[in-house]
Amino acid sequence: MTDEITHHLTDALLMAYSAGTLPEAFNLAVATHVSMCDACRAAVESYDAVGGALLAETESQEMAADALSSALVMIRDTPAEAPAPRPADIPAPLAGYIGGSLADVTWRPVGMGVKQAVLKTSPEATARLLYIPAGAAMPDHGHKGLELTLVLRGAFFDEDARFGPGDVEVATEADEHTPIADIGEDCICLAVTDAPLKFRGWLPRLAQPFLGI
Amino acid sequence: MKSAPARADWVAHVIRIRDARDETAFAELFAHFAPRVKAFLMRSGGDPAIAEECAQEVMVTLWRKAHLFDPARASVATWIFTIARNKRIDVLRRQRRPEPEDLSWGPEEAPDQADIVTLQQESAQLSAAIARLPETQRELIQRAYFGEMSHGEIAAATGLPLGTIKSRIRLALDRLRHAMK
Ligand SMILES: [Zn+2]
Ligand SMILES: [Zn+2]
């Protein structure tokens with residue numbers, strides 16, 4: 001699966017993920033893409049190596065005299081962790097946010113067959129799963145901040161570009177777009193934003209289902 | 001001369017913890033890394049008492065997760081950095097930290113010794129390369145990693161010499177994926 005991914009995260013996002021400064025919702029999108037993409041995993045792990053180099057050359061702060069002995073008490077008390085079980089149909093980082101698998105998601109309709117499920121994260125950014133029926137369009141919209149849209153199932157088109165499973169579209173203030181689900185299969189995406197979307201017009205325009213691309 | 005590392009790379013210590021629950025190895029790692037983790041957490045905004053407690057917990061996590069350490073993909077300092085960073089997000093920001101799916105080596109597919117040596121050498125070379133960066137860029141990178149920059153500001157700090165270590169990690173991942181098939 002990993003070699004088919006053609007749309008990746010930016011270096012700035014990968015580094016911010018490694019440095020630990022992204023909002024939780026963005027961490028979720030990065031961790032999910034990285035679970036599916038070895039190129040970005042290698043990039044994150046090399047940014048982690050930068051963190052390791054900085055930690056190694058940090059000045060020291062003396063620990064309390066009994067710090068080691070209390071740590072030894074803690075390690076004697078606790079068994080080694082068992083590896084977490086691998087979820088069946090979605091990458092592991094998402095499983096914890098939706099209660100196990102895609103079958104457990106509680107979808108809410110948002111019009112024209114599109115459904116969403118908002119995931120519980122810290123409030124600086126929002127993560128939602130989107131369910132777009134085959135051939136349907138998302139409302140035409142612009143962005144006040146950063147938006148990541150990661151495909152989990154199916155595919156969507158945005159202008160000439162096709163985004164399939166594992167691909168991530170990075171949209172910023174400069175972009176206005178109308179992603180349209182591929183005709184072959186319903187599309188499920190993880191969409192993350194750090195500012196509300198700007199819909200064209202005074203009320204969100206409902207896009208027409210778009211068939212026969 | 002060439003084969004002797006200038007300083008301990010600590011990999012053998014973590015292996016001794018993983019395979020033999022070796023408390024002496026743990027004590028030596030603790031003496032070296034706990035004060036650095038404490039300094040990292042203090043610079044990231046933790047008060048000294050919280051940083052002290054968290055540094056202890058980071059080292060305890062190392063003990064518990066020793067079976068997940070992959071020396072073909074990370075140095076011990078890198079691995080401890082990731083645990084300390086997650087602790088910072090958990091305690092100082094009170095957030096969950098979604099992590100990528102684990103790709104741990106099964107018992108039959110232990111990484112090749114030569115891969116481990118090369119990765120550890122390249123980690124040391126990366127440290128040296130960072131030390132040689134112009135002062136202003138190094139300062140920017142430190143601020144990013146100590147949590148003093150927002151994610152929007154980080155783009156300015158991303159120009160790092162990651163080429164060889166990135167391809168080394170990619171190679172280790174390829175071999176791991178191949179072994180898992
Ligand atoms: Zn990628
Ligand atoms: Zn958008």
Side-chain angles (χ1 to χ4, degrees), chain A residues 2 10-13 15-16 18-24 26-28 30-32 34-35 38-39 41-64 67-68 70-72 74-75 78-81 83-84 86 91-94 96-97 121-122, chain B residues 23 26-27 30-31 34-40 42 51-52 55-56 59-60 63-67 73-75 77-78 80-82 84-85 88-89 95-102 104 123 126-127 130 141-142 144-145 147 149-151 154-155 157-158 160 162 165-166 169-170 173-174 177:
Chain A
T2 183
T10 62
D11 275 340
L13 280 164
M15 184 182 187
S18 172
T21 56
L22 290 176
E24 184 181 350
F26 282 89
N27 281 338
L28 177 59
V30 174
T32 304
V34 164
S35 297
D38 282 355
R41 192 189 285 264
V44 164
E45 291 182 5
S46 54
Y47 280 118
D48 288 347
V50 175
L54 297 176
L55 178 74
E57 69 176 37
T58 298
E59 81 289 13
S60 297
Q61 286 286 344
E62 203 178 336
M63 298 287 285
L68 173 62
S70 33
L72 286 169
M74 286 193 260
I75 63 176
T78 50
E81 265 179 25
R86 213 167 284 265
L94 251 186
Y97 283 82
T121 61
S122 68
Chain B
E23 293 187 4
F26 180 79
F30 191 97
R36 288 174 168 80
V37 171
K38 182 177 176 182
F40 167 76
M42 283 174 64
E52 165 95 22
Q56 266 187 34
M59 299 311 291
V60 171
W63 174 276
R64 286 184 198 149
K65 291 186 184 268
H67 61 285
R73 276 163 51 206
S75 73
T78 295
I80 293 175
F81 160 75
T82 64
R85 170 204 61 206
R88 181 182 79 201
I89 293 171
Q95 291 180 12
R96 287 165 77 179
R97 161 79 181 188
E99 282 287 305
E101 224 161 79
D102 288 330
S104 42
S123 298
L126 179 64
S127 295
I130 291 168
I141 290 159
Q142 281 171 348
Y145 278 85
M149 274 165 110
S150 76
H151 67 95
I154 267 178
T158 55
L160 282 160
L162 296 179
I165 195 154
K166 202 153 116 185
I169 293 166
R170 185 68 208 257
L173 290 170
D174 285 347
R177 292 278 188 204

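Protein chains get the first letters and strands the later ones, always in sequence-line order, with residue 1 at the start of each.
The candidate with the highest count of non-hydrogen atom pairs below 4.5 Å against chain B, out of Ser46(A), Ala12(A), Pro23(A), is Ser46(A). No other option in Pro35(B), Ala157(B), Ala39(B), Ala74(B) has as many heavy-atom pairs under 4.5 Å with chain A as Pro35(B). Among Leu94(A), Val30(A), Thr32(A), Leu22(A), the residue making the largest number of heavy-atom pairs under 4.5 Å with chain B is Leu22(A). Among the candidates Ala71(A), Ser122(A), Ala16(A), Ala67(A), the residue making the largest number of heavy-atom pairs closer than 4.5 Å to chain B is Ala67(A). In terms of non-hydrogen atom pairs under 4.5 Å with chain B, the most contact-rich of Ala43(A), Gly96(A), Ser60(A), Ser70(A) is Ser60(A).
Ile165(B) contributes atom CD1, which lies 10.0 Å from atom CD of Glu45(A) (distance to the nearest 0.5 angstrom). Atom CD of residue Gln95(B) and atom CD of residue Glu24(A) lie 5.0 Å apart, to the nearest 0.5 angstrom. Annotation: the span from Met74(A) atom CE to Arg64(B) atom CZ amounts to 8.0 Å, rounded to 0.5 Å. Remark: Asp48(A) CG to Arg73(B) CZ distance equals 10.0 Å, nearest 0.5 Å. Taking CZ of Phe81(B) as the start and CG of Leu55(A) as the end, the distance is 8.0 Å to the nearest 0.5 Å. Going from atom CD of Glu57(A) over to atom CZ of Arg36(B) covers 10.5 Å, rounded to the nearest 0.5 Å.
Shortest non-hydrogen contact noted between Pro98(B) and Pro93(A) is CB-CB, 4.3 Å. Here the closest heavy-atom approach between residue Ala42(A) and residue Ile169(B) is recorded as CA-CG2, 3.8 Å. The nearest pair of heavy atoms linking Ala49(A) to Leu126(B) is CB-CD2, 3.7 Å.
Using a 4.5 Å cut-off between heavy atoms, Tyr47(A) touches chain B through backbone and side chain atoms alike. Both the backbone and the side chain of Ile80(B) come within contact range of chain A, each with at least one heavy atom under 4.5 Å from a heavy atom of that chain. Contact of Phe40(B) with chain A is made through backbone and side chain together, with heavy-atom distances under 4.5 Å. With a 4.5 angstrom heavy-atom cutoff, Thr82(B) touches chain A only via side-chain atoms. Heavy atoms of Glu62(A) lying under 4.5 Å from chain B belong exclusively to its backbone. Neither the backbone nor the side chain of Met59(B) comes within contact range of chain A; no heavy atoms are under 4.5 Å apart.
Within the 4.5 Å cutoff, side-chain heavy atoms of Leu162(B) are placed close to those of Val50(A). In this structure, the side chains of Tyr145(B) and Met15(A) come closer than 4.5 Å at one or more pairs of heavy atoms. Side-chain contact between Met149(B) and Thr21(A) is absent, with no heavy atoms from C-beta onward closer than 4.5 Å.
In this structure, Glu52(B) contributes its side chain and Ala64(A) its backbone to a donor-acceptor pair below 3.5 Å. For Arg85(B) (side chain) and Ser18(A) (main-chain N/O), a donor-acceptor pair under 3.5 Å exists by modelled atom type. Under a 3.5 Å cut-off, the side chain of Ser35(A) and the backbone N or O of Glu101(B) do form a donor-acceptor pair.
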